[in-house]
Amino acid sequence: MNATPHRPPRYWLMKSEPEECSIDDALAAPNATVPWTGVRNYQARNFMRDEMQVGDGVLFYHSSCPEPGIAGIARVAGGTRPDPTQFDPDSPYHDPKSKPDQPRWLLLDVQALRKTRLISLAELREHPDLAQMRVLQRGNRLSITPLEAVEWEAITGRLLGGR
DNA sequence: GCCAACGTTGGC
DNA sequence: GCCAACGTTGGC
């Protein structure tokens, strides 16, 4: 975790397949906190390693499911560390090229704060303020993407009724 | 299940 | 360093 103190909070969108870990699953976990396992993309890993800080806002996004969209609000809870599944031959996230003395893949803890109504991709596309969101761009695949503050405000404020 | 888009791999 | 082949993502 980058320890630069006192920077303004940042905001992130994090994708999770609800069959793996839904917002309900996260809220039901101890302390509503889950290790964000399975990131196997260098750009997303670097966000966790270099840019995400405790307290950053997270939109919890459900992907690869019947109703893709924003399903909850969470926060970065810290704890950046090697993702143990990379060393587990029985895990679908096993990476045989990763060595324990030089782990390739990291995870961090995400604390779910609340479930929201499902904000679908179609609804997100209706709002001009959100036109630049990575998750709305063609061909996007990144499972962790930064959000602009205005995007965070529009979604947590306007779309979710200011709560 | 389809398939476009993307990231990674590896031969050269 | 190029780039074709391949595997994966993820909405539809």
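Remember, it's a predicted structure, so these values are computed and weren't measured experimentally. First the proteins, then the strands, lettered A, B, ... as listed; each starts at 1.
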Criterion side chain to side chain donor-acceptor pair (under 3.5 Å) against A/D56, the qualifying member of A/R10, A/R75, A/R7 =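 Only one of A/R10, A/R75, A/R7 forms a side chain to side chain donor-acceptor pair (under 3.5 Å) with A/D56, namely A/R7.
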inquiry  = Other members of the hydrophobic cluster containing A/Y42, with the 4.5 Å side-chain heavy-atom rule, please.
reply    =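 So far as hydrophobic clustering goes, A/Y42 is joined with A/W105.
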ask   = Which is it for A/T145 and A/N140 under the side chain to side chain contact (heavy atoms under 4.5 Å, CB included) test, yes or no, and what are the steps along the way?
value = CA-CA 10 Å; A/T145 53; A/N140 96 88; 5.5 Å; no
ask   = Rounded to whole angstroms, how far apart are CD on A/Q137 and P on B/dG7?
value = 14 Å
inquiry  = Going by the rule side chain to side chain contact (heavy atoms under 4.5 Å, CB included), which residues pair with A/Y93 if we only count those two or more places apart in sequence or in a different chain?
reply    =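 With neighbours one apart ignored, the set is A/E20, A/T37, A/R40, A/T85, A/S91.
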Between protein and nucleotides 8-12 of chain C, what N or O pairs are separated by less than 3.5 Å?
unit_1, atom_1, unit_2, atom_2, d
C/dT8, O2, A/R141, NH1, 3.2
C/dT8, O2, A/R141, NH2, 3.4
C/dG10, OP1, A/K15, NZ, 2.7
C/dG10, OP1, A/R141, O, 2.9
C/dG11, OP1, A/Y61, OH, 2.8
C/dG11, OP2, A/S64, N, 3.0

Main-chain N/O of A/S98 paired with A/Q102 side-chain donor or acceptor, under 3.5 Å =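 Checking the backbone N and O of A/S98 against the side chain of A/Q102, no donor-acceptor pair under 3.5 Å is found.
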